> 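Pasting a structure here, questions to come.
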Amino acid sequence: MEANKTQVTEFVLTGLTDHPGLQVPLFLVFLVIYLITMVGNLGLILLIWRDPQLHIPMYLFLGSLAFADACSSSSVTPKMLINFLSKNHMISLVECIIQFYIFASSANTECFLLVVMAYDHYVAICNPLLYPVLMSNIFCIQLLSVSTIIGFLHPMMHVGLLFRLTFCQSNVIHYFYCEILQLFKISCTDPRVNMLLIFIFSAFIQAFTFVTIMVSYTRVLFVILKKKSEKSRSKAFSTCSAHLLSVSLFYGTLFLMYVRPGSGPAEDYDKMYSLFYTIVIPLLNPFIYSLRNKEVINALRRLISK
């Protein structure tokens, strides 16, 4: 009986699949995705840093979003790539908690960065004459600082509460990274307090930030529709559409993962949602914001021509 109570300090990540024939093909697929993600996000940060014409609030926030995406992907993908080619899928409890914290901090920061970007678009379109005053450099740095501080503080609470849990039976995590809900499933301690707080805080943060974004864009939409110039309307819609697409992808998957009630055998769906917001969204974001952005494309041309 005492042997069964031995506390687990290492876990086994089963990954996306246990099919031997799929390990190498999946490794190659996700390696390419990861490399494109890093080149896209870090390249966007470099472009914004190097081009003086992009030294405005909109691109300061976009560069910060790209950094959060790079951190989010890097917290999960390298370990997953190693596990595709390795027979040893062990991860220590400390490594597990660090992996969760880095990802959760990046995701939380991204939530608030999306709000800041929506506010920036709102001021630029609804109050263009006051934009230089309202979006001063100091205020933009304050917005970024608050987003980052909240983003990093919120997961600390959940990490602290993880230490009240004990793991003394199964050490197998049927997932490709240390996702907090999966840790609750194998805990010997009742995790209902942890789950309740995850639900409450996730619901509050997602609802608050999402509603704030929607209110901003509702105001923006009314202003755009009042514009008489077709060119002005088209430019405003183009600027906002990329951000709204990114918001829809990000909040849709997070809501399905952390706020929806449990629904029977949903493990495969959970993996799909997790893949989307840990790997696919960081891959897509730099292209969503860049491909139809003339200022970014022109900056890239200027950099290449030097």
Side-chain angles (χ1 to χ4, degrees), residues 41 44-45 48 57-76 97-123 134-164 177-181 183-184 193-217 243-244 246-260 273-274 276-278 281-282 285 289:
N41 285 291
L44 185 58
I45 293 170
I48 292 168
M58 174 182 173
Y59 294 106
L60 174 64
F61 301 142
L62 183 55
S64 301
L65 183 71
F67 182 73
D69 279 333
C71 291
S72 176
S73 182
S74 296
S75 68
V76 173
I97 289 173
I98 291 172
Q99 186 184 56
F100 162 73
Y101 180 73
I102 294 172
F103 171 74
S105 300
S106 304
N108 274 269
T109 301
E110 189 161 340
C111 277
F112 291 98
L113 284 175
L114 291 172
V115 173
V116 169
M117 292 172 74
Y119 177 71
D120 177 64
H121 290 157
Y122 165 76
V123 175
L134 294 175
M135 299 302 292
S136 65
N137 290 337
I138 293 175
F139 184 60
C140 290
I141 292 170
Q142 288 174 341
L143 288 175
L144 284 179
S145 300
V146 170
S147 299
T148 305
I149 290 168
I150 296 174
F152 277 77
L153 283 180
H154 171 228
M156 279 187 183
M157 176 186 67
H158 300 298
V159 167
L161 286 170
L162 275 177
F163 288 103
R164 68 177 286 272
Y177 76 103
C178 283
E179 204 277 324
I180 194 166
L181 299 182
L183 289 173
F184 294 163
V193 172
N194 302 62
M195 293 181 72
L196 180 63
L197 288 172
I198 283 276
F199 177 82
I200 291 172
F201 279 89
S202 297
F204 174 76
I205 289 173
Q206 289 179 45
F208 171 75
T209 53
F210 184 74
V211 168
T212 303
I213 291 169
M214 289 300 103
V215 169
S216 297
Y217 278 113
H243 189 234
L244 283 172
S246 178
V247 166
S248 301
L249 293 173
F250 183 77
Y251 281 92
T253 50
L254 277 185
F255 180 84
L256 288 170
M257 190 67 198
Y258 290 108
V259 179
R260 65 174 176 78
Y273 300 143
S274 291
F276 207 80
Y277 69 72
T278 56
I281 289 177
N285 270 346
Y289 285 105

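Computed from heavy atoms alone, side chains included, the values below leave out hydrogens, waters and symmetry copies. Not measured: the values here are computed from a predicted model.
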> Over all heavy atoms of both residues, which pair between Thr278 and Phe103 is shortest? Give the atoms and the distance, please.
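The pair with the smallest heavy-atom distance is CG2-CE1, 3.5 Å.
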> So does Leu65 get a backbone contact from the side chain of Asn285, meaning a donor-acceptor N/O pair under 3.5 Å?
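No: the side chain of Asn285 does not pair with the backbone of Leu65.
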> Is there a donor-acceptor contact under 3.5 Å from the side chain of Ser105 to the main chain of Ile102?
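Looks like no, no N/O pair under 3.5 Å.
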> Just wondering, more than 12 heavy atoms not from Tyr101 lying within 6.0 Å of its OH?
yes
> Run Met117 and Ile213 through side-chain contact (heavy atoms from CB on, under 4.5 Å) and show every step you take.
CA-CA 9 Å; Met117 292 172 74; Ile213 291 169; over 6 Å; no
> Does Tyr277 have its ring centroid less than 6.0 Å away from the ring centroid of Tyr251?
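For Tyr277 and Tyr251, the ring centres are not under 6.0 Å apart.
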> Would you confirm whether Gln99, through its side chain, and Ser75, through its main-chain N or O, come within 3.5 Å as a donor-acceptor pair?
yes
> Does any N or O in the side chain of Ser202 come within less than 3.5 Å of the main-chain N or O of Ile198, such that one atom is a donor and the other an acceptor?
yes
> For the pair Thr212 (side chain) and Phe208 (backbone), establish whether a donor and an acceptor sit closer than 3.5 Å, ignoring hydrogens and angles.
yes
> Got a sec: does the CE of Met157 have more than 12 other heavy atoms crowding it under 6.0 Å?
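Enclosed.
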> Check this for me: Phe210, atom CZ, are more than 12 non-hydrogen atoms of other residues, nucleotides or ligands nearer than 6.0 Å?
no
> Per the side chain to side chain contact (heavy atoms under 4.5 Å, CB included) rule, which among Thr109, Leu113, Ile149 passes with Leu144?
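Among Thr109, Leu113, Ile149, the one that satisfies the side chain to side chain contact (heavy atoms under 4.5 Å, CB included) with Leu144 is Leu113.
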> Are there over 12 heavy-atom neighbours, none belonging to Leu196, within less than 6.0 Å of that residue's CG?
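Check passes, neighbour count above 12.
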> Out of the candidates Tyr119, Tyr122, Phe61, Tyr217, only one should pair with His243 under the ring-ring contact (aromatic ring centres under 6.0 Å, His included) rule; please name it.
Tyr217
> Do any N or O atoms from the side chain of Asn108 and from the backbone of Pro155 form a donor-acceptor pair under 3.5 angstrom?
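Pair absent, no side-chain N/O of Asn108 close to backbone of Pro155.
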